[in-house]
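This chain uses plain numbering: 1 for the first residue, then up along the sequence. For ligands, and for the atoms within them, numbers begin at 1 and follow the listed sequence.
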Amino acid sequence: MTNILVLGGGFAGAYAANTLDDLFKHDDDVAITLISRNNYMVFTPLLAEVSGNVIEPHHAVPPLRSFLKKARFQMAEVREIDTKAQHVVVEHLDGGTVNLPYDYLVIALGSDTNYRRVPGAQENSFDLKTLEDAMRLRTHTLALLEQADVSTDPEERHSLLSFVGAGGGYAGVEGLSQLQDFTKRALRFYPTLRREDFTFTLATRGEELLGEGDERLGRYAANVLRRRGVKVRTGVTVKEVKPDKVLLEPGGWVSAYTVLWAAGIEVNPLVRSLDLPKTKQGALIVDGHLQVKDHPNIFALGDCAAVPKEDTTYAPTAQNASREGIVVARNIHARIRGGVEETFDFHPIGTLASLGSHQAVAQVWGFPVTGFVAWLMWRAVYLAKLPERGRKVRVFIDWVLELLLHTDIVQIRVEGGPPIERARPDDAPVAPGGPTESEEGKPERPDEETVEASAAASQ
Ligand SMILES: Cc1cc2nc3c(=O)[nH]c(=O)nc-3n(C[C@H](O)[C@H](O)[C@H](O)COP(=O)(O)OP(=O)(O)OC[C@H]3O[C@@H](n4cnc5c(N)ncnc54)[C@H](O)[C@@H]3O)c2cc1C
């Protein structure tokens with residue numbers, strides 16, 4: 001029996017396992033196992049719409065088992081990869097660990113958020129990488145609206161309704177745009193709040209937004225956002241994040257209970273710890289066939305691999321990762337059954353970024369497309385790419401409902417407490433009427449009595 005283990009159920013791993021499953025469907029002497037932490041694949045291009053309350057969370061994550069027929073899936077945490085003993089140690093949900101031997105290993109463990117050692121960024125900002133991140137942001141935003149509605153302190157209210165996006169790439173631009181759109185749609189339920197009460201700031205180190213694409217797209221996106229009142233700040237570095245404010249340089253402190261962190265990624269920590277050839281950033285060095293250097297039975301792809309492209313490497317995108325998955329599967333098939341191996345060579349037709357409010361930017365065959373047409377293209381392309389027919393139908397219905405109905409403002413406390421507390425210091429009694437500065441200069445949080453008192457006063 002030949003054992004093929006695929007680690008990671010993101011774009012790279014899911015497509016590798018799906019193609020292997022297909023290629024070996026009649027071969028009883030080959031066992032394929034996909035291992036991942038969750039039993040679904042996160043379709044990241046839809047995450048901003050989840051946080052913006054357009055799409056129901058479950059609809060943006062196709063189940064991994066739907067990619068497989070003959071291959072097995074194990075929901076488990078990969079703890080260790082022993083390349084000498086040729087096994088992987090995985091931990092199942094009950095905490096028990098098992099060693100899974102392999103003949104061929106596919107490493108597709110992706111990336112984590114890079115907080116760039118910015119003090120407070122990890123603790124005090126909101127990420128947009130997992131489904132939980134998107135749900136947390138959505139719940140938090142609704143909590144802010146509820147709190148702002150009852151707040152009598154203008155300064156606190158300003159901070160509650162101030163949103164800062166850190167990072168001018170696709171995730172930062174799409175994430176902040178959706179938040180603005182969401183709060184705008186929710187306003188009809190909050191008569192005490194006005195659009196002018198909200199502040200949206202997008203800060204990026206680069207000189208243009210969407211630096212990965214055509215600079216005309218970046219300029220168009222910046223113009224659209226500025227027209228909508230977003231303060232687009234280019235050439236700006238985030239230096240520190242506190243629960244209720246963020247330090248920009250140049251610019252100084254900006255009050256904000258919400259910092260959306262989309263300022264970069266780093267290779268998965270487990271991959272960085274492996275004794276395999278790696279770049280300085282920790283990405284696995286592979287050849288054009290996606291085989292790890294000097295390891296004929298180990299392949300790596302997606303965000304955790306440095307896939308060679310002329311004199312550079314392929315960008316960490318879903319487009320590249322999913323196609324790399326297909327090539328890895330074909331090359332493993334060729335190695336086991338004989339045949340010619342493929343070199344990964346992919347030129348995307350284009351890139352797309354949604355700006356919310358029925359606007360988007362796109363670059364197709366090198367030509368920029370903007371506005372409503374680009375937005376229609378964005379939706380058509382991602383609906384087509386979304387795996388599984390059932391998900392497509394669900395997302396399509398969500399989009400239709402968004403056009404027909406008011407946004408849903410039900411705020412469910414998924415984490416057992418108002419998420420707004422996450423954005424505040426822990427031990428902070430406060431004077432009635434709003435937060436004060438503590439000795440360390442931190443704003444303070446109302447104790448429960450004060451909250452109850454102000455709630456009663458507002459009735
Ligand atoms: C908000 C957002 C929007 C994006 N939009 C686009 C877009 O529009 N177009 C585009 O091309 N790209 C986009 N990207 C980038 C794209 O999502 C990534 O490049 C892509 O997901 C990389 O795929 P991957 O399989 O390498 O890694 P991932 O998708 O990160 O998958 C890694 C998988 O490994 C699992 N895993 C990790 N560690 C372990 C462990 N120890 N044990 C078990 N399982 C583990 C994870 O749970 C995950 O399932 C976006 C990214 C974000 C965050």
Between the protein and ligand 1, which nitrogen or oxygen pairs come in under 3.5 Å, and how far apart is each?
{"from": "ligand 1", "atom 1": "8 (O)", "to": "Tyr382", "atom 2": "OH", "distance (Å)": "2.9"}
{"from": "ligand 1", "atom 1": "11 (O)", "to": "Ala318", "atom 2": "N", "distance (Å)": "2.9"}
{"from": "ligand 1", "atom 1": "11 (O)", "to": "Gln319", "atom 2": "N", "distance (Å)": "3.2"}
{"from": "ligand 1", "atom 1": "12 (N)", "to": "Ala318", "atom 2": "N", "distance (Å)": "3.0"}
{"from": "ligand 1", "atom 1": "17 (O)", "to": "Thr44", "atom 2": "OG1", "distance (Å)": "2.5"}
{"from": "ligand 1", "atom 1": "19 (O)", "to": "Asp303", "atom 2": "OD1", "distance (Å)": "2.9"}
{"from": "ligand 1", "atom 1": "19 (O)", "to": "Asp303", "atom 2": "OD2", "distance (Å)": "3.4"}
{"from": "ligand 1", "atom 1": "19 (O)", "to": "Pro316", "atom 2": "O", "distance (Å)": "3.0"}
{"from": "ligand 1", "atom 1": "19 (O)", "to": "Thr317", "atom 2": "N", "distance (Å)": "3.3"}
{"from": "ligand 1", "atom 1": "19 (O)", "to": "Ala318", "atom 2": "N", "distance (Å)": "3.4"}
{"from": "ligand 1", "atom 1": "25 (O)", "to": "Phe11", "atom 2": "N", "distance (Å)": "3.1"}
{"from": "ligand 1", "atom 1": "25 (O)", "to": "Ala12", "atom 2": "N", "distance (Å)": "2.9"}
{"from": "ligand 1", "atom 1": "26 (O)", "to": "Asp303", "atom 2": "N", "distance (Å)": "2.8"}
{"from": "ligand 1", "atom 1": "38 (N)", "to": "Arg37", "atom 2": "NH2", "distance (Å)": "3.3"}
{"from": "ligand 1", "atom 1": "38 (N)", "to": "Asn268", "atom 2": "ND2", "distance (Å)": "2.9"}
{"from": "ligand 1", "atom 1": "41 (N)", "to": "Glu77", "atom 2": "OE2", "distance (Å)": "3.2"}
{"from": "ligand 1", "atom 1": "41 (N)", "to": "Val78", "atom 2": "O", "distance (Å)": "3.2"}
{"from": "ligand 1", "atom 1": "42 (N)", "to": "Val78", "atom 2": "N", "distance (Å)": "2.8"}
{"from": "ligand 1", "atom 1": "44 (N)", "to": "Arg37", "atom 2": "N", "distance (Å)": "3.1"}
{"from": "ligand 1", "atom 1": "49 (O)", "to": "Ser36", "atom 2": "OG", "distance (Å)": "3.3"}

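Under the ring-ring contact (aromatic ring centres under 6.0 Å, His included) criterion, Phe182 pairs with no residue, sequence neighbours left out. Applying the ring-ring contact (aromatic ring centres under 6.0 Å, His included) criterion to Trp375, with sequence neighbours excluded, gives His358, Phe372.
Relative orientation of the Tyr382 and Phe43 rings is perpendicular, given thresholds of 30° and 60° on the angle between their planes. Between Phe344 and Tyr314, the ring-plane angle classifies as perpendicular under the 30° and 60° cut-offs.
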I'd like a table of donor-acceptor pairs (distance under 3.5 Å, sequence neighbours excluded) in which one partner is a side-chain atom from residues 294-301, with atom names and distances.
{"from": "His295", "atom 1": "ND1", "to": "Lys293", "atom 2": "O", "distance (Å)": "3.0"}
{"from": "Asn297", "atom 1": "ND2", "to": "Gln86", "atom 2": "OE1", "distance (Å)": "2.7"}
{"from": "Asn297", "atom 1": "ND2", "to": "Asp103", "atom 2": "O", "distance (Å)": "2.9"}

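Residues His333 and Phe24 bring their aromatic ring centres within 6.0 Å.
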